[in-house]
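So the structure is just underneath, and the comments pick up after that.
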Amino acid sequence: MNDRNVNKTTEEKIHSESVIDVQQLDDINDQTADILPPKTIIVDDILSISIVACSNLEEHPESYRLNSKKEELILTFVENFRRQYYHIYRDRKSLFLNPFNECGIPKFVCTTIRPTILPYSDLTEWNLTANFIADHLNYDLLDPPYELPKTLSSPTKILTDQHGNCFDYANLLCSLLIGAGYDAYIVSGYATREICYMDTTRLPNPYIRKQQEEPVKQLKSQCKKYGVKPLKTLTSEYDAYMHQRHLNTIQEEKIKIQEEENQRIAEIERPISDPLYGVRIHAWILIRPGGRHEISEAFYIEPTTGYRKTADDTDYLGIESVWNHENLWVNMQDCSNGCQSLQFDLNDQARWECMFIHSNEKEKELTHKRLSKTLSNQIDWFEKMKFYFNNPLHLPVSNINATSYYKNYSDKIKSEVYKKYYHSSIPDITIKTTIHKDINLPLSWVMPLDITPKNFQKRYPKSHKIYYFKKTCVEKYAPYSKKDGIVLKISEFDDYNCKEFIYVTYHYEHRYDKLEIREHNIKMNTIKEKYRPGRNDHLKEYIYDFGPSYDRIMIYYHKSRLDSLSKRHETTHELTDYFIDHDNFLTYRKVIFEIQLKKSTQRSIISITEKFNRNPSLNSNEDIQELIFAIKDNKFIITYYRDINCITSSIRTYIKPSNWNDKAFIFKWNDNLHEIYQANDDLKQMSKRDLYYEIIKLIKEEEEAIKRVRTAENEIRDLQSRRQQEELSSDLEVSIYDIDRNEKSKIYKELLQQKTDEDKNRKNMNELDYLYPYIAAIGNPECINAQIAEQIRYNIELDFKNQSIYRANLIQSCYENEIKELLTKQQWYQNNHISKNDEFECEQAKFRLQILQDRLKEHEEFTRENYRQLEKNLNEDIRLKEPYIVR
């Protein structure tokens, strides 16, 4: 009955606004009854009942519990859009338009997005924001995976609960990306099982180690024009052929084995068949070019992992709709080949059907110009008329064009329309149905998003999260959640079951020892540690193993050390130091120790070798390139830099006497203590006296070199003991601005609070009970009568007046005594004719009199103010009022 009334009203309205006879239009309807769809539309679950049970409904804001009038109007348009969509595209899935929120209230998906920019620099870029959301939430699967969820919680609830499904992930991430200036959209579509299940076990490790490749030095071939020709190789060509054939056979076998291994690995990594392939529902993010950031091409963001995906990624199988905080678009493109050929020009209505049209004035003017006296416009008008008549709801059409019916009409019907309804001007109804009014969405019903600094630093649910990749397990920890300061642990395995460890990497933060990364190679049984600047020993990297080789490598920040030490390498038999920018051009020091069968405190030194860079201020024959202290052989070998005109370098050798270190030994020079190889005549000739002083100098340098070696050994032993102590201690560095973790700040805050409490208690003690002496004088009863209360009041006022008068009289008496004394002194000075002392005493007396006058005046003002305050307190004291209960 109601539908008939609405139809009748609509027909009358159309008839009044147009010159078309409705009866004639009904005749056309009868002719096209076999083409048009039935008038009754049956849609399952359009008006679904809320399945959300909210226990604390009153604790939510009003916008969560109710819909405003504008939201109800928008829901009306959305419901009409849904019915029209279902009526036209019956073979497609229903759209995700107005799910229930956490309070069981239907909300339009566009209004659930709350664009927000948070005060954290890590949330200004899309990759950092996506990684934070992926880490901050726990993933819930859709149940069942082929149906849209019935609810879509607000981003505030998702941040509080720290878990949600793919639509919750996408909704929260889209809110932050739009707030950061990106042109972001939520995509509702279909994806593979690996994407829907957040299965990353087949993905490569994103934290793969970067292997440092040592640069290969290419030897320059010196082509000489007049060089000697090489000798002919007198080898058999047949033997060479057979050898190459054998090598090729071996290479083919290796390639075949590698291909079989690759096939085996591909078979293991191949995902199993999915019976729900193509129907698993998923939501992700679309970033289009534009916004405040330089985005050149559109791409996807997987919100559950935070990874970037290309727009033609094969893991995404189709798109139903996309939306942001302003509008919703339905995909009209073919997705039989997935998302590979999709175009993301949302203004193209042939590919994307929008729910609300937002047109500007220029577009409206162009729309008016396009209206012309053509048959197509008449038929378009007729089609819209027919669509209104067959719409059972008779609600305003948002943006679903009825022109899809036009292709089903026969030419005969079109000609009848042309004959009956062609006029010189298009009716007004054409303009009214062609130009759509802009509909502005209401503001988001979601409260402003906020993440406290504590939750932002906590980052992960329960401060811990685990990810699995191909042969890799990644464990993430929040800062300060572990005693050793670990924030990331990457375990690499040799098998797909993740049982055989091969490499483990630890990342640390806020450690006192400045340890940043520790890499444990389990197969090689070696550990590599990296440190931040700030250590007392300026250590940068520390590499050591637990095997019998006793191999240790220490790399330092050479610019921070006084000795410019860059690297130190220690084995059981050698100790090598490398220097950069040393003051003495020293670059290398190598110490060779004797092999010891028994462990001792110090190892015996065989030789010490030092190498130097070229000193441009010296001649090549005077600049030392290498200095060898052959301690066991009692020699000093000096090698100079080679002159450009020479083939070899000059060498001097000094030989120490066998008993040179005896205290009773007297050093005497002889020619057997010196040997020289002179590469050219430019080598400086030295006298015996100079050679004597040179060998004495070398002996002292050798002693200094031995001391430096022992100091280096002690540094290594101290480093080992210090590292053991640092590993046992569990203290972490805390910023002075971190009040929650800084113990000194806590103690200072407690002291301030203690001082405040003491001041408050002292103030309360000063405010004594003025009624207590008077109540105690009458026996301290529990209650009194009106007469006693009046008597107490009278006594208090009387005592106050007496005390005030007493103090005033005391000041007055002092004032009078001061005047009498001044007059007495003036009389005495006049009788004795003393003028200077008289003036000084008068000035002092006048000063005291002035003070007494000011004090008396202040006492009077103070007494009046205290008396008014006393009367106020007496009038407000409940003990002096009925029922006169004093304690």
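Small disclaimer: the values here were computed from a predicted structure and weren't measured.
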Could you give me the CA-CA distance, side-chain angles and deciding distance for S444 and I113, then say whether side chain to side chain contact (heavy atoms under 4.5 Å, CB included) is met?
-> CA-CA 7 Å; S444 178; I113 299 175; 6.0 Å; no

Listed once per pair and sorted, the salt bridge (Lys or Arg N to Asp or Glu O under 4.0 Å) pairs that draw on residues 443-464, sequence neighbours left out | D135-R459

Partners meeting ring pair (Phe, Tyr, Trp, His ring centres under 6.0 Å) with Y185 (sequence neighbours left out) | W329

Would the H464 and Y477 ring centres measure less than 6.0 Å apart?
-> yes

Which pairs count as salt bridge (Lys or Arg N to Asp or Glu O under 4.0 Å) when at least one residue sits in residues 155-178, sequence neighbours excluded?
-> K157-D161

Under the ring pair (Phe, Tyr, Trp, His ring centres under 6.0 Å) test, which residues partner F132, sequence neighbours left out?
-> H136, F456

Identify the two heavy atoms, one from L441 and one from N327, that lie closest to each other, and give their separation to 0.1 Å.
-> CD1-N, 4.2 Å

Could you tell me which residues satisfy salt bridge (charged side-chain N to carboxylate O under 4.0 Å, His left out) with E62, sequence neighbours excluded, listed by chain and number?
-> none

Y139 meets the ring pair (Phe, Tyr, Trp, His ring centres under 6.0 Å) criterion, sequence neighbours left out, with Y169

Among all residues two or more places apart in sequence or in another chain, which pass the salt bridge (charged side-chain N to carboxylate O under 4.0 Å, His left out) test with D183?
-> R288

If you look only at pairs with a residue in residues 118-133, which of them pass as a side-chain hydrogen bond (donor to acceptor under 3.5 Å, both in side chains), with sequence neighbours excluded?
-> E125-Y182

Going by atom types alone, do Y794 and E790 pair a side-chain donor with an acceptor below 3.5 Å?
-> no

Where does the angle between the aromatic ring planes of F356 and F77 fall among parallel (under 30°), tilted (30 to 60°) and perpendicular (over 60°)?
-> perpendicular

Any salt bridge (Lys or Arg N to Asp or Glu O under 4.0 Å) involving residues 103-117? Give me the pairs, sequence neighbours left out, ordered by first then second residue.
-> E71-K107

Is the closest side-chain donor-acceptor distance between Q853 and Y815 under 3.5 Å?
-> yes

Would you call R532-E516 a salt bridge at under 4.0 Å N-O?
-> no

In this structure, are over 12 heavy atoms from other groups packed under 6.0 Å from N536 atom CG?
-> no

Residue set satisfying salt bridge (charged side-chain N to carboxylate O under 4.0 Å, His left out) with E797, at least two apart, ordered chain then number -> R793

Please check if atom NZ in K70 has more than 12 non-hydrogen atoms from other residues, nucleotides or ligands closer than 6.0 Å.
-> yes

With sequence neighbours excluded, give me every salt bridge (Lys or Arg N to Asp or Glu O under 4.0 Å) pair touching residues 856-868.
-> E865-R868

Do we see a donor-acceptor contact under 3.5 Å between the side chains of S721 and D718?
-> no

Hey, are Y480 and S463 close enough side-chain-wise for a donor-acceptor pair under 3.5 Å?
-> no

State which residue, out of L732, V487, D513, D484, fulfils the side-chain contact (heavy atoms from CB on, under 4.5 Å) condition with Y508.
-> D484

Under 4.0 Å between a Lys/Arg side-chain N and an Asp/Glu carboxylate O for E727 and R511?
-> yes

Side chain to side chain contact (heavy atoms under 4.5 Å, CB included) between I775 and I784: does it pass, once the steps are laid out?
-> CA-CA 9 Å; I775 296 175; I784 57 177; over 6 Å; no

K489 meets the salt bridge (charged side-chain N to carboxylate O under 4.0 Å, His left out) criterion, sequence neighbours left out, with none

Can you find a side-chain donor-acceptor pair between D799 and Q803 that sits under 3.5 Å?
-> no

